[in-house]
Amino acid sequence: MTEDRTSGKPADGTESHDPDFPQAFLDFMRQGWRDTTLPVGPRPEVPNHAKRRAALSAAFPGETLVIPTGTEKARANDTDHPFRPGSDFVYLTGDHDPDSVLVLRPNGSGHDATLYMRPRSSRKTDEFFRSRHGELWVGRRHTLTEKSTELGLPTEDLTGLDAALAGLAPGRTRVLRGFDPRVDAAVRPWDGPRADGQPARDRELAIAISELKLVKDEWEIAQLQDAVDATVRGFEDVARGLPADRGVSERLLEGIFALRARHDGNDVGYGSIVGAGEHATILHWVHNHGATRPGELLLMDMGVENRNLYTADVTRVLPVDGRFTPLQRQVYDAVYAAQQAGIDIIKPGVAFREVHLTAMRVLAEALKDLGLLPVSVDEAMDPASTVYRRWTLHGTSHMLGIDVHDCANARKEHYRDGPLGEGYVLTVEPGLYFQPEDELVPEELRGIGVRIEDDILVTATGAVNLSAGLPRRSDEVETWLAEQREAGPRLPG
């Protein structure tokens with residue numbers, strides 16, 4: 001029996017531990033099944049995906065473009081991680097199924113789009129009860145016609161993909177590589193310049209898609225707001241389950257938020273960071289095996305990914321017992337002031353980097369007031385120095401969308417070193433972190449970490465805070481936390 005080239009498993013979808021079935025059982029399973037249909041219609045976002053494909057088509061006239069979604073990934077032996085489709089593929093199609101591949105073929109005036117997909121397993125074949133792809137195991141899948149109706153895309157059976165890819169001219173084909181080994185192997189790379197470890201031609205395809213994603217349309221903005229709103233509810237849930245007078249595990253709080261994410265969305269948009277006490281000083285603390293303690297701070301960096309896979313990215317810091325100490329408040333208020341300064345300058349035409357520098361100057365001034373800077377603020381801000389970064393550590397912003405770090409393949413001149421544009425969505429998230437081992441700060445500061453993060457839409461006249469539903473000022477945070485605790489725990493519903 002042959003193996004699936006993407007998984008190493010038998011191509012018919014069976015597993016090594018599957019039993020041998022007697023003929024009588026096979027004959028019995030092949031009869032007496034009523035067929036089913038899915039009530040499908042065109043999704044409202046179909047025109048948005050079509051516009052994106054048209055824009056990509058215009059960028060590469062006369063060339064074949066191949067964009068796979070990716071394959072399921074093994075978690076352990078024969079169990080897989082929950083499948084999350086490739087972001088660029090979803091951006092262009094709206095399809096969420098594994099193994100699918102979008103092919104755009106030049107037609108003289110643009111491109112014809114075809115979605116290659118795994119269709120449903122009919123009750124007329126043994127696949128439906130014997131294969132790991134079978135509907136008895138995974139549920140009803142779309143037919144080719146149903147998927148075409150839903151997405152507004154012509155569809156073909158995935159079994160025809162190899163023939164469709166065979167013989168494509170490397171110099172006239174671009175592939176989004178690194179997602180599907182079968183596709184990567186089927187389309188020979190062009191023997192030309194390389195960039196970031198892959199053919200430069202293919203790299204240019206990834207760049208073009210990333211730069212299209214910089215400007216969010218109205219539907220995307222609505223998706224982000226939906227994700228943010230669910231995230232606000234998740235933070236409320238956590239606050240309602242956070243005791244003021246005793247410790248609880250970080251993982252309990254992580255789990256409370258995850259319940260909201262799975263109920264109101266697809267999942268969390270990234271691994272939730274729940275850092276109690278000194279864990280708040282670890283930027284990507286995802287172990288979450290500590291516990292809260294009254295009198296300390298709790299930093300939570302969490303976001304819901306909604307059902308169309310757009311994600312929020314929000315950070316809040318709470319005083320576990322309900323009130324900031326004077327020193328905690330001083331640090332928190334400095335970070336708030338830095339964040340507000342960065343938000344205040346956002347508008348079309350402002351350099352992306354300027355948001356960061358504006359927030360960092362406020363933090364450098366706060367560090368000077370705390371007696372920590374070894375030089376003046378101006379000297380610390382000099383690119384030849386930047387000693388303030390010992391306690392600020394990271395950049396202030398990144399793009400947000402269908403990825404938590406969206407548009408990652410965009411060229412620097414269009415992103416990191418470029419101006420903001422109307423329709424961009426970015427985070428603003430300055431922080432101060434005083435490591436418990438840092439002997440250059442007073443002992444009373446060690447172990448304090450504060451980051452405040454919000455999701456900001458760039459409009460024609462300035463900025464809109466999509467996550468304004470969660471308070472940011474220290475006094476408002478205390479009031480909000482008290483209100484949530486008074487309201488008491490709740491289940492999503």
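Just the heavy atoms: all of them, side chains too, but no hydrogens, waters or symmetry mates, feed the values below. Numbering starts at 1 and runs along the sequence shown.
Between Trp391 and Phe434, the angle of the ring planes lies from 30° to 60°, which puts this pair in the tilted group. Using cut-offs of 30° and 60° for the angle between ring planes, the Trp285 and His289 rings count as perpendicular.
The backbone N or O of Phe89 lies less than 3.5 Å from a partner atom in the side chain of Thr93, making a donor-acceptor pair. Side chain of Asp321 to backbone of Arg323: a donor-acceptor contact under 3.5 angstrom is found. In this structure a side-chain-to-backbone donor-acceptor pair under 3.5 Å is present from Ser210 to Asn409. A donor-acceptor pair is defined here as one N or O able to donate and one able to accept, closer than 3.5 Å; such a pair exists between the side chain of Glu211 and the backbone of Arg411. Between the Glu354 side chain and the Ala351 main chain, no donor and acceptor come within less than 3.5 Å of each other. Of the possible donor and acceptor atoms, none in the side chain of His279 sits under 3.5 Å from a partner among the backbone N and O of Ile273.
Residues Asp382 and Glu379 form no side-chain contact, since every pair of their non-hydrogen atoms from C-beta on lies 4.5 Å or further apart. Trp137 places none of its side-chain heavy atoms less than 4.5 Å from the side chain of Arg132. Here the side chains of Thr69 and Asp97 are not in contact, with every heavy-atom distance at 4.5 Å or above. Ile452 places a side-chain heavy atom less than 4.5 Å from the side chain of Tyr332.
The OG1 atom of Thr71 lies 6.5 Å from the CG atom of Asp99; values are rounded to the nearest 0.5 Å. Within the model, atoms CZ of Arg451 and CZ of Arg316 stand 11.5 Å from one another, a figure rounded to the nearest 0.5 Å. Atoms CG and CZ, from Leu357 and Arg353 in turn, are 7.0 Å apart once rounded to the nearest 0.5 Å. Put simply, CZ on Arg389 and CG on Leu363 are 12.5 Å apart, with the number rounded to the nearest 0.5 Å. Expressed to the nearest 0.5 Å, how far CZ of Arg307 lies from CD of Gln223 amounts to 11.5 Å. Atom-to-atom distance recorded for Asp406:CG and Ile402:CD1 is 7.5 Å, nearest 0.5 angstrom.
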Salt bridge (Lys or Arg N to Asp or Glu O under 4.0 Å) evaluation trace for Lys213 with Asp88: CA-CA 9 Å; Lys213 290 161 68 179; Asp88 291 347; 2.9 Å; yes
Candidate pair Val377 and Arg361, rule side-chain contact (heavy atoms from CB on, under 4.5 Å), full reasoning: CA-CA 7 Å; Val377 170; Arg361 176 165 285 275; 3.4 Å; yes
Derivation and outcome, side-chain contact (heavy atoms from CB on, under 4.5 Å), residues Leu420 and Val355: CA-CA 10 Å; Leu420 298 175; Val355 179; 4.1 Å; yes
Pair Asp438-Arg390, salt bridge (Lys or Arg N to Asp or Glu O under 4.0 Å): steps then yes or no: CA-CA 10 Å; Asp438 191 344; Arg390 180 185 179 101; 2.8 Å; yes
Salt bridge (Lys or Arg N to Asp or Glu O under 4.0 Å) evaluation trace for Asp264 with Arg260: CA-CA 6 Å; Asp264 289 11; Arg260 175 63 65 176; 3.0 Å; yes
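Counting heavy atoms of neighbouring residues, nucleotides and ligands inside a 6.0 Å radius, atom CD of Glu443 does not exceed 12 of them.
Every residue two or more places apart in sequence or in another chain that forms a side-chain contact (heavy atoms from CB on, under 4.5 Å) with Gln484 is listed here: Glu236, Ala239, Arg240, Trp480. Residues passing the salt bridge (charged side-chain N to carboxylate O under 4.0 Å, His left out) test with Arg262, sequence neighbours excluded: none.
Aromatic rings from Tyr270 and His405 are positioned such that their centres are separated by 6.0 Å or more.
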